[in-house]
Amino acid sequence: MKTAALFHFIQDDLLQVEDRIRAQVSGYHPDIKIALELILAAGGKRIRPAVTLLVGKLISAPHERLVTMAAAIELLHTATLVHDDLIDGSLLRRGIPTLNSRWSTSATILTGDFLFACAARLASQTDSVPVIDLFSKTLTIICNGEITQLLSGRCQVNRKEYYERIYAKTASLFETSACSAAMIATASDSCTESLRQYGYEIGMAFQIMDDILDFTGQQATVGKPIGGDLRQGLVTLPTIYYVEQHADNPTAIKLLKGECLSENETATLIEAIRSSNSIKQSQIEASESAQKAILCLRDQPAVPERKQLIDLAQYIVDRDT
Ligand code: IPE
Ligand code: IPE
Ligand code: MG
Ligand code: MG
């Protein structure tokens, strides 16, 4: 299923989210507006704002504040992508050239900062101090995760560190996408907690799938470069499984010692992982997280949004984009 079909029921709400995002940049430097328009027009799956909208609608959150929060979430996500592509030196995103491929480093950093600021402003317009607090905390978790990955997380085969890393960089924002909607709806503590956990589980599944697609995906479908993680010394779940099961392989030994690989060794290892069982094992793990997410919805009312959140969890592990 493509996201267009999946989000059919919230199509109008998602358009309102985009309008709210666009409204943030009017009155500033025209190039900021042009950059944001290009990024928005290139697409993006809009999964995080969809989570906020669906969770909020499931439990009858007030519509305007929900749209505002969903816009804050998508804009925060967009800002992290602008900075992530600069940090990774990545030239393609959503099938179009990245900002850093066309602009100077300074202009890219400042545009990312601008988008972060707009996202924070939107979060503040929910008029909920706990939501603003959660939003800021999430940003500190993401940045701390990225700094940890940059300074100490390269070339390391460590499962615990991997889960912490993917929580920080991805699942934390999914968790906040769901939890903030529950907070806006002033849901009970137990309801908020189960929806937070739904967000956490789909977030973990989402990043495991992203890490799998970095081995198995097609650049034309995924819209971003493939095979970059290991080349940048980033050890993800498929590599961890592979190395654990081929502990006598010289390249695996090198990685286990925390040593970085040459381009030749990396290319050979990527091929080996691609055709190994490690991909399937990682997919199973992502599917288990999606199933746990679906279980978190068991006490929710049997309204269409509940089914759509179930379908969303399933889509996350079935996707090829
Ligand atoms: C990309 O997220 C960044 C990750 C956390 C892996 P998405 O794959 O949701 O990016 P878009 O918004 O659809 O482009
Ligand atoms: C990006 O993760 C996470 C953040 C932007 C915080 P990735 O580096 O895996 O995302 P892609 O693969 O570039 O989309
Ligand atoms: Mg990246
Ligand atoms: Mg990735």
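First listed ligand is number 1; within each ligand, the first listed atom is number 1.
The side-chain tip of Arg159 points at the ring of Tyr241 from less than 6.0 angstrom away and within 45° of straight on. For the pair Arg319 and Phe206, the cation-pi test (distance below 6.0 Å, angle within 45°) is passed. For the pair Arg121 and Phe116, the cation does not sit on the ring face, since its NZ or CZ is not both under 6.0 Å from the ring centre and inside 45° of the axis.
Ion pairing of Lys137 with Asp133 is absent here, as no side-chain N (NZ or NE/NH1/NH2) approaches a carboxylate O to less than 4.0 Å. Classification of Lys57 and Glu305 as a salt-bridged pair fails, no side-chain N sitting under 4.0 Å from a carboxylate O. Between Asp210 and Lys224, at least one side-chain N (NZ, or NE/NH1/NH2) sits under 4.0 Å from a carboxylate O, which counts as a salt bridge.
Taking every heavy atom of Arg93 and a limit of under 4.0 angstrom, the matching atoms of ligand 2 come to 11 (P), 13 (O), 14 (O). Those atoms of ligand 2 that come under 4.0 Å of a heavy atom in Ile142, given as number and element, are 6 (C). Of all the atoms in ligand 1, the ones that sit under 4.0 Å from a non-hydrogen atom of Thr170 are 5 (C). Less than 4.0 angstrom separates some heavy atom of Gly44 from each of these atoms of ligand 1: 11 (P), 12 (O), 13 (O), 14 (O). Per-residue contacts place Leu81 under 4.0 angstrom from the following atoms of ligand 1 (heavy atoms of the residue considered): 1 (C), 3 (C). Those atoms of ligand 1 that come under 4.0 Å of a heavy atom in Asp210, given as number and element, are 6 (C). Heavy-atom contacts of Gln207 reach the following atoms of ligand 1: 4 (C), 5 (C), 6 (C) (cutoff under 4.0 Å).
Closest heavy-atom approach to atom 7 (P) of ligand 2 among the candidates Arg94, Lys224, Lys169: Lys169.
Side-chain atoms of Tyr242 and Asn277 form no donor-acceptor pair, as typed in the model, at a separation below 3.5 Å.
Contact annotation for Thr78 and ligand 1: no heavy atom of the residue comes within less than 4.0 Å of the ligand. By the criterion of a heavy-atom distance under 4.0 Å, the side chain of Asp88, and not its backbone, is placed next to ligand 2. At a heavy-atom cutoff of 4.0 Å, ligand 2 is contacted by no atom of His83, backbone or side chain.
As for Asp84, its N/O/S atom nearest the Mg ion (ligand 3) is the one called OD2. The Mg ion (ligand 3) lies closest to atom OD2 when only the N/O/S atoms of Asp88 are considered.
Test Val243, Asn158, Ile240 against Val235 for side-chain contact (heavy atoms from CB on, under 4.5 Å) and you get one pass: Ile240.
Counting only heavy atoms of the protein, atom 2 (O) of ligand 1 lies nearest to Arg48 NH2, 3.2 Å. For atom 5 (C) of ligand 2, the nearest non-hydrogen atom of the protein is Thr80 OG1, 3.4 Å. Closest protein heavy atom to atom 10 (O) of ligand 1: His77 NE2, 3.5 Å.
Side-chain atoms of Glu263 and Arg231, non-hydrogen and from C-beta on, do get closer than 4.5 Å to each other.
In terms of polar-atom proximity, defined here as any N/O pair under 3.5 Å, Asp84 does make such a contact with ligand 2. On a distance-only criterion, Glu146 and ligand 2 share no N/O pair closer than 3.5 Å. Between Lys45 and ligand 1, at least one N/O pair is under 3.5 Å apart. Ligand 2 has no N or O atom lying under 3.5 Å from any N or O atom of Asp229, backbone or side chain.
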*Given salt bridge (Lys or Arg N to Asp or Glu O under 4.0 Å), test Glu74 with Arg48 step by step and report yes or no.*
CA-CA 6 Å; Glu74 181 65 9; Arg48 297 159 191 79; 5.2 Å; no

*Output, in order, the C-alpha distance, side-chain angles, deciding distance and verdict of side-chain hydrogen bond (donor to acceptor under 3.5 Å, both in side chains) for Arg20 and Thr68.*
CA-CA 7 Å; Arg20 192 65 56 88; Thr68 302; 2.5 Å; yes

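The nearest N, O or S atom of Asp85 is not closer to the Mg ion (ligand 3) than 2.8 Å.
Below 30°, between 30° and 60°, or above 60°: for Tyr200 and Tyr167 the angle between ring planes is between 30° and 60°, a tilted geometry.
Under the side-chain contact (heavy atoms from CB on, under 4.5 Å) criterion, Gln197 pairs with Glu193, Cys296, sequence neighbours left out.
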